[in-house]
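It should be emphasised that the depicted structure is a prediction, and the values quoted were computed from it without experimental measurement.
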Amino acid sequence: TMKIPVIRGRDISDRDNEHSPGAIIIDQALQRHYFGGQDPLGAHVLINMGDRNPPSEYEVVGIVEDVKHMGLTDEPVPTLYGPIPQAPKSAVPFMANNLSLVVRAGIDPDVLASTVRKELGTVDVDVATAGVRPMRQYLTASMSARRFNLQLVLVFALTALVLAAAGMYAVIAYLVSQRTREIGIRLALGATPQHILRLMIGQGMKLTLIGVTIGFVGAIALTRLMRSLLYGVAPNDLMTFGISSFVLIIVALLACFIPARTATKVDPLVALRYE
C-alpha cells in the first residue's frame, strides 16, 4: 500500500499466518546495523518484547528500502515488518493503541473515509477511528516549518535582488551624469549611439560580473548553513547556482539599459556647454 520497494526476497503474503513459521521483512538500516556485510536473507532472529515470555523466532524473508517515518530530516531508523497474525501476544496491547490503517484508492479521500468506517464497524462496533487524513496532509504538515523558512529566505532573496537592481541602476545613472560632457564629445567626434550604449552597458556589466563572481564564491562557502533547509537538492547544486547567477546578470542588464539608453540621447551641444 505504501509502495515501499522490495529490494530482495519476497513480500509478506496471506500464507504468513499464525500456523506458519515466523516471517519478517527488514529494511536496509536494520541490515546495516545488525548484519553488517552478511546476507540477512534466510537468517533466523529472536525477537524479545521485553516481557517474561520466551523470545519468538522469525525468518528474514525480504529486504526493503529505508523509510523516513517521522520526518524528512530524520535518519532512517532500523525497522522490521511482519504479519499481524504472527505478532506475539504481549505485543497486542501496544498495537491496539498504536495501530494505523493505510488505504490506497483512486476515489475522493473523504468518501473513502466514511466507507472504511462502515467496514470497520462490521468487524467490531467498538472500534473507534481518529485522525483520518489523506497522506498529502501528513506530508504537508511534516514540511510546514521547513516550507515557512524557505519562503522567508525567498522573500529576503527577492528583496536583495530588487535592492541590487536599484543599486546598479543608481550607479550607472550617476556615471552617466558624471560623464555627460565626455559623452557629448564622443558624439561630436562621430561616436554612434550604439557605441555609447555598448560603452555604458559594458561598464555596468563589468561591475556585475565582478559582484556575481564574489557572490558565487561566498555562496559556495556558506552552503553548510542551508543544508538543514534542503531536501532532495545538494547545497552546492551547480544548476541552482547557474540559474541564480543568470537571473542576476539579466536583472543587472536591464538596470543598466535604461540609463545607458538615456546617455545615447545626449545633445552634443548641450553636453559641451555642461558646467
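When hydrophobic clusters are built by joining Ile, Leu, Val, Met, Phe, Trp and Tyr residues whose side-chain heavy atoms come closer than 4.5 Å, directly or via intermediates, Val247 is not grouped with Val155. Under the 4.5 Å side-chain heavy-atom criterion for Ile, Leu, Val, Met, Phe, Trp and Tyr, Ile63 and Tyr34 are members of the same hydrophobic cluster. Under a hydrophobic clustering in which Ile, Leu, Val, Met, Phe, Trp and Tyr are joined whenever their side-chain heavy atoms come within less than 4.5 Å, directly or via other members, Ile243 and Leu253 fall into the same cluster. Note: the hydrophobic cluster containing Val61 does not contain Leu46 (ILVMFWY, side chain heavy atoms under 4.5 Å, direct or indirect links). Linking Ile, Leu, Val, Met, Phe, Trp and Tyr whenever their side-chain heavy atoms come within less than 4.5 Å leaves Tyr138 and Phe148 in two separate clusters.
At least one side-chain heavy atom of Ile249 sits less than 4.5 Å from a side-chain heavy atom of Leu209. Counting heavy atoms from C-beta outward, Gln31 and Val60 have side chains that stay 4.5 Å or more apart. Counting heavy atoms from C-beta on, the side chains of Met2 and Met135 come closer than 4.5 Å. The side-chain heavy atoms of Val103 and Glu119, taken from C-beta on, include no pair separated by under 4.5 Å.
Surrounding CD of Glu18 are more than 12 heavy atoms belonging to other residues, nucleotides or ligands, all under 6.0 Å away. Ile84 CD1: 12 or fewer foreign heavy atoms inside a 6.0 Å radius. Counted within 6.0 Å of CG on Asp14, heavy atoms from surrounding residues, nucleotides or ligands total 12 or fewer; the atom is thus considered open.
The distance from the CD1 atom of Ile7 to the CG atom of Asp66 is 7.5 Å, given to the nearest 0.5 Å.
The two residues Ser56 and Pro88 make their nearest non-hydrogen contact at OG-CG, 3.8 Å. The heavy-atom pair separating Gln38 from Pro40 by the smallest distance is O-CD, 3.3 Å.
Looking at Thr79, its side chain never comes within 3.5 Å of a backbone N or O of Asp27 through a donor-acceptor pair. Checked by atom type and distance alone, the side chain of Tyr58 pairs as donor or acceptor with a backbone atom of Gln86 at under 3.5 Å. For Asn149 (side chain) and Leu152 (main-chain N/O), no donor-acceptor pair under 3.5 Å exists by modelled atom type.
Evaluated for a side chain to side chain contact (heavy atoms under 4.5 Å, CB included) with Tyr81, the options Ile26, Ile4, Ile12, Ile24 yield exactly one hit, Ile4. Among the candidates Thr1, Val132, Val116, the single residue satisfying the side chain to side chain contact (heavy atoms under 4.5 Å, CB included) test with Leu101 is Val116.
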